[in-house]
There are 2 protein chains.
Amino acid sequence: MTKTPPSPEAVAAWARLMRVSRQLVEKTEDALKAEGLPPLGWYDVLHELAESGEEGLRPFELVDRVLLAQYSVSRLLARLEADGLVEKLPVSDDGRGQTVRITPSGRETRRRLWAVYGKAISELMGDKLSAKELEMLAGLLGRLRDPPIME
Amino acid sequence: MTKTPPSPEAVAAWARLMRVSRQLVEKTEDALKAEGLPPLGWYDVLHELAESGEEGLRPFELVDRVLLAQYSVSRLLARLEADGLVEKLPVSDDGRGQTVRITPSGRETRRRLWAVYGKAISELMGDKLSAKELEMLAGLLGRLRDPPIME
DNA sequence: TCTATATAAATGCAAATGCATTGAATGGAG
DNA sequence: CTCCATTCAATGCATTTGCATTTATATAGA
């Protein structure tokens, strides 16, 4: 248990991290909205589902991957389903569960989201730092992760 | 206008940044909740008001500083006022505006928030990286800021 | 001065979120 | 087999957010 107050360096890095991450998200969301596209959260889910292929994923697997609360995923999937971007299939060996699979329309939406999202990443990160610096940044952030990544 | 897709390094750094920043916020919010304290956003506002001293700040000045929407600040201030943590004073030379000042109770709440918040920063940032690394992290993040900081 | 435009702050309404709980099904202990 | 604790997913309700608009005042222009 840490008793001493945080070092000035820690506070400065924290403040930067908080401010920058919010700025980046906000700008990206703005870019998506400007194109009439759904929010960032939709991309994450569609991405995971696209990666998982035809088998799809169980909602609880999605919860682990996208770092959202169970009820958030439940409702997000309901919206995605209402929009025809995913479909829910009963799963044979577990009557409680379902498998969620991305639809062709979902893949198309993901593609369009990526066109904007990827561009935002290029402009907001890729263009600002060199490859070496980006790796260094990722490395430092990895050490803050839970669990930490020691490269 | 960037046409090419983002580099793998940029995507990796972006993903880390998004994930880590959300984890850190979530853990900090959890710690505050566990102590029965209000959310992080309250700290930011109370902090700015504490810094501004007895003169207080106009709501629109707060909007610039805390990176929130105008209506968010308006409502947050209403809650802070309802809790007696700030007070709103009419401002003589502009009938539209008001000046918001932190109350003694607000200073006390800020202090209690900081006890938990500062501890979180120590544990989640300060303890994970050296001072040199923290400075490097802040430096890299500064280049992503808008406007960028070139140290 | 009178009018138009701009700025400060609040608010109505719809949508999203957080929290706790529920319904449904499973799996293990006895 | 029966019962109970556990897991998967959805939902009711209160709070918060986002968006657009409103109210009120201030400032600039004709």
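In the text below, chain A, chain B and the rest are named by the order of the sequence lines, each starting its count at 1.
- Per the geometry, CG belonging to B:Leu80 stands 14 Å off C1' belonging to D:dT16, to the nearest Å.
- The existence of a salt bridge linking A:Arg16 and B:Glu135 is excluded, since no basic side-chain nitrogen approaches an acidic carboxylate oxygen closer than 4.0 Å.
- Between A:Asp93 and A:Arg75, the residue anchored closer to the 5' end of DNA chain C is A:Arg75, taking for each the nucleotide with the nearest heavy atom.
- Between B:Trp114 and B:Tyr117, the ring-plane angle classifies as perpendicular under the 30° and 60° cut-offs.
- Backbone-only engagement by B:Arg58 is indicated by non-hydrogen atom pairs under 4.0 Å involving sugar-phosphate atoms exclusively.
- The separation between B:Asp64 atom CG and C:dA8 atom P is 9 Å, rounded to whole Å.
- The nearest whole Å value for the distance from the CD atom in B:Glu81 to the C1' atom in C:dA10 is 12 Å.
- For B:Pro59, taking side-chain heavy atoms from C-beta onward, the closest of the listed nucleotides C:dA9, D:dA10, D:dT17 is C:dA9.
- Within the 4.0 Å cut-off from OP1 or OP2 of D:dC8, not a single side-chain nitrogen or oxygen of A:Lys88 is found.
- Taking atom CG of B:Asp94 as the reference point, atom C1' of D:dT23 lies 14 Å away to the nearest angstrom.
- Checked against C:dG18, C:dA8, C:dT11, the side chain of B:Tyr71 finds its nearest nucleotide in C:dT11.
- Look at CG on B:Leu68: it is 9 Å from P on D:dT17, rounded to the nearest Å.
- Distance B:Leu40 CG to D:dT16 P: 15 Å, rounded to the nearest Å.
- B:Trp42 places its CH2 atom 11 Å from the P atom of D:dT17, with the value rounded to the nearest Å.
- Put simply, CG on A:Leu77 is 13 Å from C1' on D:dC8, counting in whole angstrom units.
- Residues A:Lys33 and A:Thr99 each lie close to DNA chain D; by heavy-atom proximity, the contact nearer the 5' end of the strand is made by A:Thr99.
- Salt-bridge formation is detected for the pair A:Lys119/A:Glu123: a Lys NZ or Arg NE/NH1/NH2 atom is positioned less than 4.0 Å from an Asp or Glu carboxylate oxygen.
- Test A:Arg19, A:Lys27, A:Gln23 against B:Asp146 for side chain to side chain donor-acceptor pair (under 3.5 Å) and you get one pass: A:Lys27.
- Comparing A:Arg96 and A:Gln70, the nucleotide of DNA chain D nearest to each residue sits closer to the 5' end for A:Arg96.
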Tell me, with the steps shown, if A:Leu17 and B:Leu17 meet side-chain contact (heavy atoms from CB on, under 4.5 Å).
CA-CA 8 Å; A:Leu17 182 58; B:Leu17 181 58; 3.1 Å; yes

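- Picking from C:dG18, D:dC8, C:dA9 the nucleotide with the shortest atom distance to the side chain of A:Ser72 gives C:dG18.
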